Amino acid sequence: MAVMTYRDALRTALIEEIERDENVFIMGEDIGRYQGTFRVTAGLFEQFKQARVYDTPISEPGVTGIAIGAAMMGLRPVVEMMTMSFSILAMDQIINHAAKIHYMTGGQISVPIVIRGPGGAGKQLSAQHSQSLEGIYAHTPGLKVVCPSNPRDAKGMLKTAIRDDNPVIFTESPGLYAMKGEVPDDEEFFVPFGEAQVVREGTDISLIAWSRMVHECDKVAETLSQDGVSAEVVDVRSLLPLDTETIFQSVRKTHRALVVYEGWRSGGFGAEIASRIGENCFDDLDAPVARCAGLNVPMPYAANLEQVAIPKQTDILAAAREVLG
Amino acid sequence: MAVMTYRDALRTALIEEIERDENVFIMGEDIGRYQGTFRVTAGLFEQFKQARVYDTPISEPGVTGIAIGAAMMGLRPVVEMMTMSFSILAMDQIINHAAKIHYMTGGQISVPIVIRGPGGAGKQLSAQHSQSLEGIYAHTPGLKVVCPSNPRDAKGMLKTAIRDDNPVIFTESPGLYAMKGEVPDDEEFFVPFGEAQVVREGTDISLIAWSRMVHECDKVAETLSQDGVSAEVVDVRSLLPLDTETIFQSVRKTHRALVVYEGWRSGGFGAEIASRIGENCFDDLDAPVARCAGLNVPMPYAANLEQVAIPKQTDILAAAREVLG
Amino acid sequence: MAISASGKTKTSETELLRQFYKDMLLIRHFEEKAMAGFRAGKVGGYVHLYIGQEATGIGWLSQLRSDDMVIGAYRIHGLALQLGMDPKVAMAELFGRSTGCSQGKGGSMHLYDPKIGFYGGWGIVGGHTPLAVGLAFGAKYKQTDQIVLCFLGDGSVNAGVFAESMNMASLWDLPIIFIIENNQFAMGTRLEYHAADPELHKRAAGFAIPHERLDGMDVMQVRQDAERIIAYVREKQKPYLIEVMNYRFAGHGAADNTQSLYRSDEEVEEWKKRDPVTLLSKHLIGEGLAKQKDLDKWDAEALAIAEEAYAFADASPAPEEDEVYTHVYTDMMPEEGH
Amino acid sequence: MAISASGKTKTSETELLRQFYKDMLLIRHFEEKAMAGFRAGKVGGYVHLYIGQEATGIGWLSQLRSDDMVIGAYRIHGLALQLGMDPKVAMAELFGRSTGCSQGKGGSMHLYDPKIGFYGGWGIVGGHTPLAVGLAFGAKYKQTDQIVLCFLGDGSVNAGVFAESMNMASLWDLPIIFIIENNQFAMGTRLEYHAADPELHKRAAGFAIPHERLDGMDVMQVRQDAERIIAYVREKQKPYLIEVMNYRFAGHGAADNTQSLYRSDEEVEEWKKRDPVTLLSKHLIGEGLAKQKDLDKWDAEALAIAEEAYAFADASPAPEEDEVYTHVYTDMMPEEGH
Ligand SMILES: Cc1ncc(C[n+]2csc(CCOP(=O)(O)OP(=O)(O)O)c2C)c(N)n1
Ligand SMILES: Cc1ncc(C[n+]2csc(CCOP(=O)(O)OP(=O)(O)O)c2C)c(N)n1
Ligand SMILES: [Mg+2]
Ligand SMILES: [Mg+2]
């Protein structure tokens, strides 16, 4: 075990996999000579040189397509999106190509590609740079979609992603890169996909979240415990495949559920989770399944408005109290 | 009143608006000289000439961006996507530009653009051509998203869309173009956005759907009526804004709800509707809110597999029976 | 398969040209059978025929090494056959049968067989061009000395991702040849209405990629050009772009029955004078390389193969219904149910 | 505003050059104040300064008609000011205040004011290029005789949508000038690592668009080029593409404090010899068009304006919290709540 940041956990996973498998390489804008805008790839260009680390032009559709083509030939590219907001430019390649190739070819070709980068809001990055797109990807059969919330999962899931033979969307968070935590040194340590994790046990309400929101929920649970309310926090971790069993078990125990996500409320993936809880835990519920998410507005620039638009602890707490009745 | 096809209803709306307002023009691939692949724009190039009807290169991002720029100058472009599946190439322009411009400019600029075309599956068009993307657009603040299910709404909503000062995603269906129905002649006839319509009244279960699925639900309701079950069918018509009141009223009356949509089940917009029903009609429900949607698979080509993947009347019927208990 | 081996093995010049002729006839008969299948309601969806453009595919593919890679858009039956895909397997895919190359999941636009170097078969105009560059990237990365031929249409050059693809192919010195088949139309839109400069090869000018406009109807000429340029690319390990002038005699898709909207009968007749089959047959006869009765015999043979393919496809079973869930992932099943 | 009116009114040559100098100093001081605001934590997000590139914006905009349209990417403070945006209003936008041009909703990358012909201010590299063509389309459609200047960076030429934009601009003969500001870097990536051919103007070669590479540091030269080319475009009603060679002395964004990763101090020093301010000041003094004390006075004046803008922004109120819901639509409110 070593204590390291989320950023370093990601880098460690990249280094281990690049060293282990000669077919693994990374590509992205400013990831090499410039060390990556969030410094996830710092030092890799120096360590592995051009042969494994490709600085690309600003051509998200093309870069993604090239990575897919290389994957079709058996390579294992890891593409960094400088921010996940830019992946929207490559959605045709991701959703209408990568996700469907194994199917359309009747299983002849697989696409072992990882697309990773920070999703969601940063700090005052304005509307065009602040989007949570993971729900759109999680709606797409053929993709796998994960959103680790801590350094341990960051490393373990990135390694799983790189070894997966299917296209994986790996969503990080600008707010998590500096987070520290224990990470196993073991080079064969993996966090499997499709397993949610109960990060805090409780009996009165289930707070269900992923990525940065897990920590907000944890703090809210802390606050609630001071009121004598015992909240359980479930870190979904993997949106596709989705571990509904762990979620349902939690709700069957607490009888109350609040799904928390950073993206736009309406039509977000939290609606899917809420629906499934409704479908499967109908008789267990003491209150409607609730959601707390981003406002249905483009992200405003002004610091105060941005704070209003993003779900904060106070918002989650208020929503939880409402569910608790 | 005239009886006309859905296709002709759309064309009539286009003609009326092009004639009425010199700022209205249409652009798209093969819509002019070739008359449009689904013939919605048949005759318009001859009638209005190049000045109002633009055949474009196969450049969805660029064409959409140009239309947005023209709209920023006060024109009112109507862009045809040959199929809505191709709009995925333009998502950056639609979601990350058009939808946010009014907001980012603090209200200085508006974007009166309509993007229209057939969504969903055709007949054996394979994975890359058979997608329902309306849920992704309906997740995006700043857009309006409508999906008319009949000729009357097709005309009335397209006219509303063209006169709207905001970007509108207008989803048609290949399976509806030939459908006939009564359409008011009135050039000032509009179907407002944000109003769902109860197309069949019933008391035992609410079938909630949009676009082509409304008709499937109606037939299922017919079948159910032979069993003595009275099903209500709600045509959502407009996903954003969403008329939750009409939906909730229906569910409060029937106490049972089934949301039906053609796209991939997981993460589809039906999850949003189901969640909202769960949140708002909790005490009214006699059974979990259920969904019946497309399988979570890329669309297969083979005729029999395609039939399996798309929700059919038998699937809807089975789901309804399950809800009815 | 003998039919497809043309150019992949050493053969005398005469044999080569005869083989070209057989290949051409096979493609043409296959396409006509595909059309018949469409008319009979057995082939569904979008079906795009290669009739008129055969010389381009045959000439270029004839100069490849057996491990080279080929990728195209959706007008690709001819490419698949020429690379050696069994016509039965190809036709079965068009019929959506489990015996098809993609087990019926792809259809006409989505033929694939990586074992013969064929990487599809894609429905999104321009969308395959970065995939092609990715294949070339893979060849360079693995140092396999393979090259990639990427076929695209005149309409496809306007997809922005193609420009991105050219830039990276050249920036990274990748062994790929982009072959723009300028058949004059993007569906019903004539070249002059979709391209600012009708000389499409110039699109490569900004990327330091050598580029030429060449003929695509005379297979003998095509093959010579192909030989020269493929040798260049394999040696230099750099991209090249070719605009090949050809013409589709078929409609855009099998359902296109309004061709008068975009071309005149006279224009078609004019181009028919340079129909690849006609040009080659004249040459074979004129130079005494074959007799009319040889041509007739080969024609009958090709037709028989196409008919056999049709019969095979027609007799093949549809996929099992639970195949709808397979191949979504390599290692897990998607959640089931509506 | 006097400061911004340069070139939009007729003025003697001397006056024009003096005005250029004042404009340049205003931009530079404004940018330095923006940087100070960023350091003080008052300006947030991404902030991209125009320091070093001022001559390009000033020279080109000086030749526009007052109803012409300008659009750029995100490095646009200088363009906004030069078109006449009140520095107070611009700075307030950077501060995210309700007095900003976009009421604090846009920030540094999203300045807009259509009344002065300024159409932003965009964060997605290349994404504004089709919008620019759309503006030119609008001008032609409405027959207003306006032209559009579309500024983009060297890195932006690799966005596929830019190629699409060029094609349609030329296909439809639209009055637009694409101005590639080749400042040698896309963020931390040097030209040679992102562009297959470093002569970026050649990207227009495939679209029948005239194209040139020009200087962007000497405002007098820039202005002459601009005059010539703007006249051409207005008369011919056709697009043009210019690659302007300039250099940013600032980091990529305000947070870029690792410039040694992509350039040497020597390189910067070399370019500083052609700093637009230096070049112009030498000319003014050398030709006797101004005295050092004039320059000093103008410098102080520009600084005062920038300081005033800073103070104004700093004193301005943040937007009301319920403004979060306004301007999502023109005619309705989005659904409220988390
Ligand atoms: C992105 C996208 N837009 C539109 C289409 C519809 N479409 C299919 S083929 C075609 C014309 C393509 O013409 P070209 O590239 O010249 O190829 P050809 O059909 O002549 O072989 C169009 C517009 C598509 N498949 N993909
Ligand atoms: C589509 C997209 N990809 C990546 C980015 C991140 N990004 C912002 S600026 C930039 C560099 C752009 O360089 P250039 O076009 O030369 O403009 P300059 O900064 O030099 O003015 C990058 C990569 C972005 N904003 N949009
Ligand atoms: Mg063509
Ligand atoms: Mg630059």
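Order of the sequence lines sets the chain letters (A, B, ...), proteins ahead of strands, with each chain counted from 1. Given the structure is predicted, the values throughout are model-derived calculations rather than measurements.
A distance of 7.5 Å separates CG of A/Asp92 from CD of B/Gln128, quoted to the nearest 0.5 Å. Taking CD1 of A/Ile95 as the start and CG of B/Leu133 as the end, the distance is 7.5 Å to the nearest 0.5 Å. The NE2 atom of A/His97 sits 10.0 Å away from atom CD1 of B/Ile88, with the distance rounded to the nearest 0.5 Å. Atom OH in A/Tyr103 sits 9.0 Å away from atom CE in B/Met299 (nearest 0.5 Å). Within the model, atoms OG of A/Ser275 and CZ of B/Arg276 stand 11.5 Å from one another, a figure rounded to the nearest 0.5 Å. The CD atom of A/Gln131 sits 4.0 Å away from atom CG of B/Asn96, with the distance rounded to the nearest 0.5 Å.
Taking chain A as the reference chain and counting heavy-atom pairs below 4.5 Å, the highest number among B/Ala290, B/Gly278, B/Ala287 is found for B/Ala287. Interface summary for chain A: among B/Gly268, B/Ala138, B/Gly135, the most heavy-atom pairs under 4.5 angstrom belong to B/Gly268. The most heavy-atom pairs under 4.5 Å with chain B, out of A/Asn280, A/Leu240, A/Thr140, come from A/Thr140. Of the listed residues (A/His139, A/Arg265, A/Gln93, A/His129), the one with the most heavy-atom contacts under 4.5 Å to chain B is A/His139. Counting heavy-atom pairs closer than 4.5 Å to chain A, the top residue among B/Gly142, B/Pro300, B/Gly270, B/Gly263 is B/Pro300.
Of the possible polar contacts, one joining the A/Lys100 side chain to the B/Ala127 backbone as a donor-acceptor pair under 3.5 Å is found.
Looking at B/Ala90, neither its backbone nor its side chain comes within 4.5 Å of chain A, counting heavy atoms on both sides. Interface remark: B/Pro61 contributes no atoms to any contact with chain A (heavy atom separation under 4.5 Å). In this structure, chain A has no heavy atom under 4.5 Å from any part of B/Ser126. Using a 4.5 Å cut-off between heavy atoms, B/Ile136 contacts chain A through its side chain alone, with no backbone atom that close. Using a 4.5 Å cut-off between heavy atoms, B/Met91 touches chain A through backbone and side chain atoms alike. Contact of A/Val289 with chain B is made through the backbone alone, with heavy-atom distances under 4.5 Å.
Within a 6.0 Å sphere centred on CD of A/Glu245, other residues, nucleotides and ligands contribute more than 12 heavy atoms.
Residues B/Trp264 and A/Pro141 share a closest heavy-atom pair of CD2-CD, 3.2 Å.
By the 4.5 Å heavy-atom criterion applied to side chains, B/Phe282 and A/Leu285 are counted as neighbours. Counting only heavy atoms from C-beta outward, the side chains of B/Glu272 and A/Arg291 approach each other to under 4.5 Å.
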